[in-house]
Amino acid sequence: MAYRWETPDSVWLEDEASGQFELASGQGLSRIDWQAQARSRLPDVARVLGASLPPPPTTSCAHAAIYPQGFAFCPECGAALHVCAPPARRLPSWWGPSSAPLPVDESPLPRHVPLGLPVTALPLAATLETRAPEPAVGVPDLKIPAPPNAVCVFAASYFGFAAQRLLALAYTRNVLQYWDPVAARWHVMAAEDGAADLSFHASAYAWLPGRADARRGEVGMVPTAQGLVRLVMNPVSESYRTEMVLPARLASAPGMVGRRVACLIAAATGVRLWTADADGADSETLEIVADDGIPDPDGTGWGIPAAGWSRPFSYDGKLIWLHELGELYWRPGAAPRWLPWPAGWTPRLGFGGPVRSRDGRLWQIGHDGQAYSFRELGTERAQLQPLNGARLGLGTLLFRRGHQVKNEPWDVENVEDQARGDDMVLPLLENVSGTREQPTGLVLRMQAYSGKAEAALEEATLPRTLIEWVGQRNVILDEAVRLKRPGDCQPFVYDNCLWLHHPSWNEMRGWRLEAQS
């Protein structure tokens, strides 16, 4: 016989003979595989559910391995339990470059900042800049193992549970990974029956976080080999399920502008744009028109590519995808437009991302076979601004070689140290703040590199690269040796730390976001 205990979001059973508790059901949990739970997993499960754990082993109480939510004392002996209550201060979520707007309590970006670029409004600078300034070279405060499947994207959130957890989705290998901070190890989550293949190879990856009213366990909307799905994870049984939103062959990752979700699909007659409300309702498929506004005459899709698109970004009421062949933008209520690049001009999509001029326009760097230039985005009558060399960056965080460009993207760089002209700097993350006039963020400084920018980002082995915070006070956080493909570095924020991951590293490096004494 078992006693039944009910909490606001779960049902527990207490075995009459052994006194052990097990979870029978929980809100948002599709299945409970409690027998498979090794005792090493229970501390993490208790924190995720907000349950209670036995007191320290130094006491005489050992009547159960875990207790339901709300239990403060052991019902057998009355010993005080360790209550895994939710923290008083919630940690901010992290989704990486996503075009979905963040809630007001998650440090949303200002309206003048494009959504979908590696930009954050979290208050990182205030703490990172308390460290010893350059030329001192710092070291990480923490390190954790890299995910077993290292090519992945990261999300850190509560997902409706009592504790924040970190997910790493290896989108090229159909693997969802879950970081257990108590056991200090990664768990590979199992797909439940009928779950979609999470692989996505068609274009650059991006996902949309769960809505503010999302169910418990809902991760968000993700592109897959079968179409667009909602991903729901179960941290108790280490499993996940999917719910189909759009069964179609996707040509791009999904984006969001206003309250509308959209993605490019490869239909039988060519590429089309599918859009719906955030909950999947009121969907429609739109035909794409060319830059002259003329509809597709024969229904073949203008030869618009069905793969190879960048992550979408949202700005000024438009959703924009970039490609080696052109750009596609859409404003809700109008037809999506395809604009091929001018003949001979090729974008440099790996140089960071679109940059913003002081008048609010966005620009993409490219090369015409003779020189670099910036091309205006999102308009049929785009302007070109010639450049005197490659410039790497995104938003307003931009560098020419080792010097920062602080005014218009095409202006002369700001030279503070002549020796830095021998470096190459690649911005990874811009940190925007309403109290700062000059761009701030995380960069990689490739020291004494004299080659072309394209080679540094694609094929060169970089002998020494500094991981640097650029702001009112420049701080060198760490260094990396023999780094290849620096653009594959991914910064993210989890558990009040700034982390940096590269697929070739065995460990991820973390810096606490707390003032240094």
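The chain is numbered in sequence order, starting from 1.
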**Asked** Between D411 and K406, does at least one N-O distance fall below 4.0 Å, as a salt bridge requires?
**Response** no
**Prompt:** Do the rings of W505 and H502 sit parallel, tilted or perpendicular, given the 30° and 60° boundaries?
**Reply:** tilted
**Prompt:** So which pairs with a foot in residues 310-336 pass salt bridge (charged side-chain N to carboxylate O under 4.0 Å, His left out), sequence neighbours left out?
**Reply:** none
**Request:** Can you spot which of L208, L250, V245 makes a side chain to side chain contact (heavy atoms under 4.5 Å, CB included) with C263?
**Result:** L250
**Prompt:** Shortest non-hydrogen contact from S314 to L319?
**Reply:** CB-CD1, 4.0 Å
**Request:** Verify whether one side chain among S93 and R90 offers a donor that lies under 3.5 Å from an acceptor in the other.
**Result:** no
**Message:** Any carboxylate oxygen within less than 4.0 angstrom of a Lys/Arg side-chain nitrogen, looking at R401 and D423?
**Reply:** no
**Asked** What class does the angle between the rings of W410 and W363 fall in, given that below 30° is parallel, 30 to 60° is tilted and above 60° is perpendicular?
**Response** perpendicular
**Prompt:** Is the backbone N or O of G116 less than 3.5 Å from a side-chain atom of S98, with the two atoms forming a donor-acceptor pair by type?
**Reply:** no
**Item:** N431 side chain to L122 backbone, donor-acceptor under 3.5 Å
**Value:** yes
**Message:** Please verify the inter-ring angle class for Y205 with F200; under 30° counts as parallel, over 60° as perpendicular, anything in between as tilted.
**Reply:** perpendicular
**Message:** Going by side chain to side chain contact (heavy atoms under 4.5 Å, CB included), Q177 matches just one of L166, L169, N149. Which one?
**Reply:** N149
**Message:** Please list all pairs meeting salt bridge (charged side-chain N to carboxylate O under 4.0 Å, His left out) that have one or both residues in residues 346-359, counting only residues at least two apart or in different chains.
**Reply:** R348-E454, D359-R361
**Prompt:** Would you say the side-chain atoms of S373 and W345 include a donor-acceptor pair closer than 3.5 Å?
**Reply:** yes
**Asked** What are the two closest heavy atoms between D279 and A281, and how far apart are they?
**Response** OD1-N, 3.0 Å
**Complete:** Scanning both residues in full, the closest heavy-atom pair of A196 with V229 reads CB-CG1, 4.1 Å
**Request:** Assign the ring pair W338 / W309 to parallel, tilted or perpendicular, where the plane angle (0 to 90°) is split at 30° and 60°.
**Result:** perpendicular
**Asked** Pairs in or reaching into residues 467-486: which pass side chain to side chain donor-acceptor pair (under 3.5 Å), with residues at least two apart or in two chains?
**Response** E129-W469, R445-E468, R464-E479, D478-R509, R485-D488
**Request:** Kindly check if the number of other-residue, nucleotide or ligand heavy atoms within 6.0 Å of CZ (R215) is above 12?
**Result:** yes
**Distance-minimising heavy-atom pair for W321 and A253** = NE1-O, 3.3 Å
**Message:** Given 3.5 Å as the limit, does a donor-acceptor pair link the side chain of W511 with the main chain of L500, or not?
**Reply:** no
**Asked** How about R436: does its CZ atom have over 12 heavy atoms from other parts shown lying under 6.0 Å from it?
**Response** yes
